[in-house]
Structure formats: structure tokens, C-alpha cells
Amino acid sequence: MSATAGSSPVGVLDLQGGVQEHLDHLRRLGVPGRPVKRAAELEGLAGLIVPGGESTCLSRLLTIFDLREPIEQAYRGGLKLWGTCAGAILLARENLGETPYFGLIDIAVSRNAFGSQLESFNRAALVPAVAREPVPLTFIRAPKILRVGSGVRVLLQLDDYIAAAEDERILVTVFHPELTPSLAFHRYFARKCGLNPTGTDDAGLDPDWTPLSWTRFSSHA
Ligand code: GLN
């Protein structure tokens, strides 16, 4: 994949979770990426990825780092958001049995709906809005999206749950594209942010991709 035309960066919230993996995928697409730990680092971003990790932990860190209000303000100013897994939980308007955090997209999520960490799994699916070919999907103690509101489009329905959805300004996925060789969701989000990553609408599989950080351990087993 080659470079994006001169463009604003996409930020990755850098408090906990899969930060480097998202930055690595953006880099592979030629999209400028920026870790975001401080409110000032939101300045000039086209979009912000709220990564997967642990939503309770992330919500506490967002509060400690005084990032909640600045992110809401940047969103009101046009910043696009993408929540992966825990990030999707934080963005959801309804979090079953718990207090929602940002509540910015009209979806209802159920945390840990597949069971424990041991029920994590990989699968592949066709997501027509995102790629012409099936893309690999990694679910790690994922939530299920159980309902979407009228302004929200379902991008992927699987079995009894919704796995990916979007409204005008927010994308949510309950799985982790950044932990697979596919760049398709990052390409899709970059376009949603008004950026112009080149490349076709295929599954975006990068043959040079290797897992980063903790995921390396699996290849050593
Ligand atoms: N189960 C986690 C939570 O509730 C999310 C897991 C993930 O982001 N992979 O926050």
C-alpha cells in the first residue's frame, strides 16, 4: 500500500491497550498516526482511535488524564472516532447493567458477552462496505452489540449479534483488525476521516505484517 496524500494525522488514544498495533497499521497504509495522551495532542487530528484493552481501566485513565471533555469537544468539532472492542464499549450510549461512558453512538453493548478470555476466537467474514473479500477478525473477550439506533448502520451482523456498525462520525467494531494482517478497516476509517489512503478495496492483507508486542508470544509457542 502506498502513501496518503498530505493529510491530518489519525490519533490513537495512548493510555492502555492495543496502541502500537493501531499505529503500525496506520503506518502500513501511509496514514500519519499520533499517540494521544494529552488534550493538546488532539489538535489537528482527522480522527481518533479508542483502542481495545479494558474499558473500566480505560475509563478511569481517561478521567485521570482529563481527556473526557476534550475528546467530547473535539468530537463536537468534527473529529471522527473509531472504537475497537473496549473502545466501542466506551463510545456506546447503552452498556447493559453498567453506566455508559462517552455515550456518543446510539448502540447497546453487552460486555464480555462471549464469556471469559478463553472464549476468544478468530474468524473471517465478508464486510461489503469495507472490502470486497472476507477479512480476518480477532475477538478477545469481546462485547456484543445488541441493538443499534435509527441513525446507525450495521456493517457486520454475525449470528445473534452485531459486530461492526457506524453512524456519520463514529465507527465501532467489537473485534480487533489491528491484530490481523488486514488493513481494510484502517483504510475504511481513514476514508471516513476524509483521508485518501491509496489501494484497492480488497481485504488489504499485508504480506509483511508480523504481530507486535504481546501477540508475539503466540508465535514463540
Ligand atoms: N472485555 C473488555 C472490556 O470489557 C474488552 C476486551 C477488549 O478490548 N479486547 O473492556
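Counting from 1, the numbers follow the sequence of the chain as shown. Start at 1 and go down the list; that is how both ligands and their atoms are numbered.
Phe121 and Phe175 have their aromatic ring centers separated by at least 6.0 angstrom.
Within ligand 1, counting atoms from 1 as listed, the ones closer than 4.0 Å to a heavy atom of Ile140 are 6 (C), 7 (C), 9 (N). Set against the non-hydrogen atoms of Ser55, the atoms of ligand 1 under 4.0 Å away are 3 (C), 4 (O), 10 (O). In the vicinity of Ile89, heavy-atom distances shorter than 4.0 Å reach the ligand 1 atoms 3 (C), 4 (O), 10 (O).
One finds no salt bridge joining Lys37 and Glu41 here, because no Lys/Arg side-chain nitrogen approaches an Asp/Glu carboxylate oxygen to under 4.0 Å. A salt bridge does not link Glu43 with Arg34: none of the charged nitrogens is closer than 4.0 Å to a carboxylate oxygen.
Taking distance alone, with nitrogen or oxygen atoms compared against 3.5 Å, Arg141 approaches ligand 1 more closely than that limit. Residue-to-ligand polar distances keep Thr84 apart from ligand 1: every N/O pair is separated by 3.5 Å or more. Between Ala86 and ligand 1, at least one pair of N/O atoms sits closer than 3.5 Å.
Protein heavy atom at the shortest distance from atom 4 (O) of ligand 1 is Arg111 NE, 2.6 Å. From the protein, the heavy atom lying nearest to atom 1 (N) of ligand 1 is Asn112 OD1, 2.5 Å. Closest to atom 7 (C) of ligand 1, if we only count protein heavy atoms, is Cys85 SG, 2.8 Å.
Inter-residue side-chain proximity for Val135 and Thr180 is flagged as unmet; no heavy-atom pair is nearer than 4.5 Å.
Relative to atom 5 (C) of ligand 1, the option among Pro51, Gly53, Pro143, Gly52 with the closest non-hydrogen atom is Gly53.
In the model, Thr173 has no side-chain atom that pairs as donor or acceptor with a side-chain atom of Tyr188 under 3.5 Å.
Cation-pi geometry between Arg38 and Phe65 is not satisfied (NZ or CZ under 6.0 Å from the ring centre, within 45° of the ring normal).
Test Asp106, Ile107, Leu81 against Ile170 for side-chain contact (heavy atoms from CB on, under 4.5 Å) and you get one pass: Leu81.
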